[in-house]
Participant: 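The structure that follows is given in the form of structure tokens.
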Number of protein chains: 2
Amino acid sequence: MDTLETRELRYFLAVAEELNFGRAAERLGMAQPPLSRAIQQLERRLGVPLLARDRRGVALTEAGEVLRHEGRVAVDAATAAARRTRRAAAGNDGSRTRLVLAVKAGDSHDLLRRLLGAYAAEPDAAEVEILPSGTCEQGKMLRDGRADVALMHTPFNSLAGFDSEELVTEGQIAVLPARHPLAARSHLTLAEVRDLPDLPLARWARDGVHPPGPGPAITDQTQLAQLIALGRTVAVYPDSARAWLWTEHAAVPLTDAPPVVTHIAWPAHSRSLALAALVRTATRL
Amino acid sequence: MDTLETRELRYFLAVAEELNFGRAAERLGMAQPPLSRAIQQLERRLGVPLLARDRRGVALTEAGEVLRHEGRVAVDAATAAARRTRRAAAGNDGSRTRLVLAVKAGDSHDLLRRLLGAYAAEPDAAEVEILPSGTCEQGKMLRDGRADVALMHTPFNSLAGFDSEELVTEGQIAVLPARHPLAARSHLTLAEVRDLPDLPLARWARDGVHPPGPGPAITDQTQLAQLIALGRTVAVYPDSARAWLWTEHAAVPLTDAPPVVTHIAWPAHSRSLALAALVRTATRL
DNA sequence: CCCTGTGATACCCCACAGGTATCGCGCCGT
DNA sequence: ACGGCGCGATACCTGTGGGGTATCACAGGG
């Protein structure tokens with residue numbers, strides 16, 4: 001009566017994201033008619049219209065918008081339950097506990113190295129698997145159980161819903177082509193690097209789509225690094241990005257960029273001893 | 001394959017809590033054999049034994065323990081999704097948005113009155129429904145969608161998994177029978193009120209069961225208040241509990257009790273404007 | 001020793017998730 | 001104006017599996 005099945009939620013989420021029954025059905029690996037029916041049934045069960053069917057496509061009602069968010073959380077929680085249960089059993093079959101740590105590839109490299117080193121030295125440390133995650137996806141990794149713990153960076157990642165400890169604060173730098181005039185400066189402001197006509201900011205793919213604009217379209221950090229080295233663009237990064245700079249890159253501190261704080265974050269209700277030990281190690285670095 | 005149905009989770013949780021298939025089935029309103037089968041199927045699907053069947057009852061394996069916690073979260077999230085979706089639609093049918101505020105009955109009474117007063121004066125304030133919740137149940141109310149926002153008190157409630165703002169900090173008092181010798185003291189310590197032979201601490205029901213001990217068994221605050229007035233027990237409460245003291249009660253500050261901090265807390269991912277306004281009002285009190 | 005309480009098995013049934021075929025209907029092109 | 005196309009809804013069929021009842025197997029306890 002008042003608890004939705006994850007199947008219903010998965011179906012609804014597919015439709016809510018595609019806004020098209022046919023494509024949603026395809027994504028779910030099923031035919032379109034049963035999907036239509038399932039959604040109608042869901043709406044009847046809830047007594048609430050979720051979709052406004054306009055003859056050429058579908059739009060979410062306000063209630064549908066709510067379910068899109070709440071449903072995502074619930075489905076993630078259900079898949080996290082499955083993943084973590086499986087892993088709990090796998091970790092208990094004689095091998096050591098295994099922790100999955102999500103990090104944004106390339107970020108906080110030095111911190112990460114020190115953390116892993118210090119933790120490995122702990123008595124009965126768990127095995128730590130590094131899960132390189134895409135742009136700002138650590139939160140999702142934690143929510144759906146692919147990761148147990150993550151390094152996250154405010155203000156880019158939201159820590160909402162997680163427990164976390166602050167680790168380090170760092171300034172930001174502009175990463176410029178080494179031969180660019182501004183590369184010689186001792187410091188810069190955000191305004192000076194934004195809107196440079198010769199170095200338009202790159203456009204990161206978001207859900208596979210590039211936002212419009214003048215800059216080059218990129219999907220990973222190597223592309224960005226190369227484009228900077230080629231003198232085509234500029235990027236703003238936390239100080240620790242110096243770890244992966246090329247010789248053809250120049251780093252210039254930004255005086256007015258918001259400081260970036262690296263946190264170690266984990267699901268709020270976690271009760272893992274290995275995780276607690278890792279967090280303790282991290283805060284003591 | 002890797003996402004569990006809430007039905008399976010509900011079944012498992014019932015068994016995990018009852019540790020008895022028969023009673024669990026009864027609680028679920030179904031017969032025992034299908035429940036047995038469903039759990040076996042769940043174990044096969046996960047490839048993980050969840051329950052250790054001893055001939056006289058059932059115990060949770062380590063993986064089962066994990067699923068008990070993760071599953072609870074997931075099921076709560078699913079029912080929250082249903083509740084909040086329904087309420088979103090109900091609030092959109094012409095009537096005003098409605099916020100449900102969970103508070104522990106009796107606690108922070110004055111703060112609550114001021115909050116409601118100040119918020120009602122706001123332009124386009126939502127209607128606020130007060131949901132009196134049992135002992136420390138506000139967290140569950142937020143998780144399963146019965147409430148949108150709660151007043152919570154550390155260190156009694158855990159704020160893990162919620163966004164929150166600190167509101168007020170207060171000391172704690174011993175609530176004594178007015179005619180008790182200690183009632184005349186200007187202050188006391190925890191050690192002095194614990195283990196008083198003539199005033200044993202009351203035993204609150206937890207899940208319907210009273211822990212063992214010498215004190216009287218109680219299930220609500222009125223019972224407690226009466227027993228104190230009758231000179232049978234003593235209680236420790238935050239300072240704001242003075243609001244509901246009887247004339248036959250005496251309040252004596254405790255010098256070494258941990259301070260109680262009242263927070264306003266809400267689900268981390270909430271995007272409700274009405275909620276944001278309520279929180280803003282609360283922090284400005 | 002039988003009785004009681006436990007979970008597992010055996011067997012049956014029908015409700016419903018899912019498939020295929022088709023419809024109704026706006027929108028497009030020409 | 002008209003036929004084709006893309007969309008979601010409807011009609012109808014089928015098979016799986018969730019749920020029921022009856023029963024078993026077995027460990028303790030009087």
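Just so it is clear: chains get the letters A, B, ... in the order the sequence lines come, proteins before strands, and each one is counted from 1.
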Participant: Is there a donor-acceptor contact under 3.5 Å linking the side chains of B:Gln40 and B:Ser36?
Facilitator: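 No - no donor-acceptor pair under 3.5 Å links their side chains.
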Participant: Distance check needed: D:dG18 P versus B:Arg10 CZ, whole Å only.
Facilitator: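 After rounding, the reported distance stands at 13 Å.
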Participant: Compare side-chain N and O positions of B:Ser36 against OP1 and OP2 of C:dA8 and report whether any pair is under 4.0 Å apart.
Facilitator: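 So the side-chain polar atoms of B:Ser36 do come within 4.0 Å of the phosphate oxygens OP1 or OP2 of C:dA8, strictly under.
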Participant: To the nearest Å, how far apart are A:Leu50 CG and D:dG8 P?
Facilitator: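 Rounded to the whole Å, the gap is 15 Å.
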Participant: A:Met141 pairs by side chain to side chain contact (heavy atoms under 4.5 Å, CB included) with which of A:Val103, A:Leu131, A:Val100?
Facilitator: A:Leu131
Participant: Measure the distance from CZ on A:Arg53 to C1' on C:dG26 and round it to the nearest whole Å.
Facilitator: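 Atom-to-atom, A:Arg53 to C:dG26, this comes out as 17 Å.
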Participant: For the CG atom on B:Leu273, are there more than 12 heavy atoms of other groups (residues, nucleotides or ligands in this structure) within a distance under 6.0 Å?
Facilitator: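 Check fails, neighbour count at 12 or below.
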Participant: Mark yes when over 12 heavy atoms from residues, nucleotides or ligands other than A:Arg203 sit less than 6.0 Å from its CZ; otherwise mark no.
Facilitator: yes
Participant: I'd like to know whether CD of B:Glu43 has more than 12 heavy-atom contacts from other residues, nucleotides or ligands below 6.0 angstrom.
Facilitator: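 Atom CD in B:Glu43 is crowded, with more than 12 foreign heavy atoms closer than 6.0 Å.
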Participant: How close or far is atom C1' of D:dT16 from atom CZ of B:Arg45, stated in whole angstroms?
Facilitator: 14 Å
Participant: If I compare all heavy atoms of A:Leu159 with all of A:Ala265, which pair ends up nearest, and what's the gap?
Facilitator: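 Heavy-atom minimum between the residues: CD2-CB, 4.1 Å.
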Participant: Supply the atom-to-atom distance A:Arg53 CZ to A:Thr61 OG1, rounded to the nearest 0.5 angstrom.
Facilitator: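 Going from CZ on A:Arg53 over to OG1 on A:Thr61, the span is 9.5 Å.
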Participant: Just to be sure I understand the geometry, which residues of residues 15-27 of chain B put a non-hydrogen atom under 4.0 Å away from DNA chain D?
Facilitator: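 When residues 15-27 of chain B is checked for heavy atoms under 4.0 Å from DNA chain D, there are no hits whatsoever.
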Participant: Between C1' on D:dT10 and CD1 on A:Ile39, what's the gap in Å once rounded to a whole number?
Facilitator: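 So the CD1-C1' distance, A:Ile39 to D:dT10, works out to 17 Å.
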Participant: From CG of A:Leu35 over to P of D:dA9, roughly how many Å is that when rounded to an integer?
Facilitator: 9 Å
Participant: Over how many whole Å does the gap from A:Leu42 atom CG to D:dA9 atom P extend?
Facilitator: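 Answer to the nearest Å: 13 Å.
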Participant: Applying side chain to side chain donor-acceptor pair (under 3.5 Å), can you list everything that pairs with B:Gln41, at least two apart in sequence or on another chain?
Facilitator: none
Participant: Give, for atom CG of A:Asp148 and atom CH2 of A:Trp266, the distance between the pair rounded to the nearest 0.5 Å.
Facilitator: 12.5 Å
Participant: In B/S/- notation, 5' to 3', how is nucleotides 15-22 of chain C contacted by protein heavy atoms closer than 4.0 Å?
Facilitator: --BBBBB-
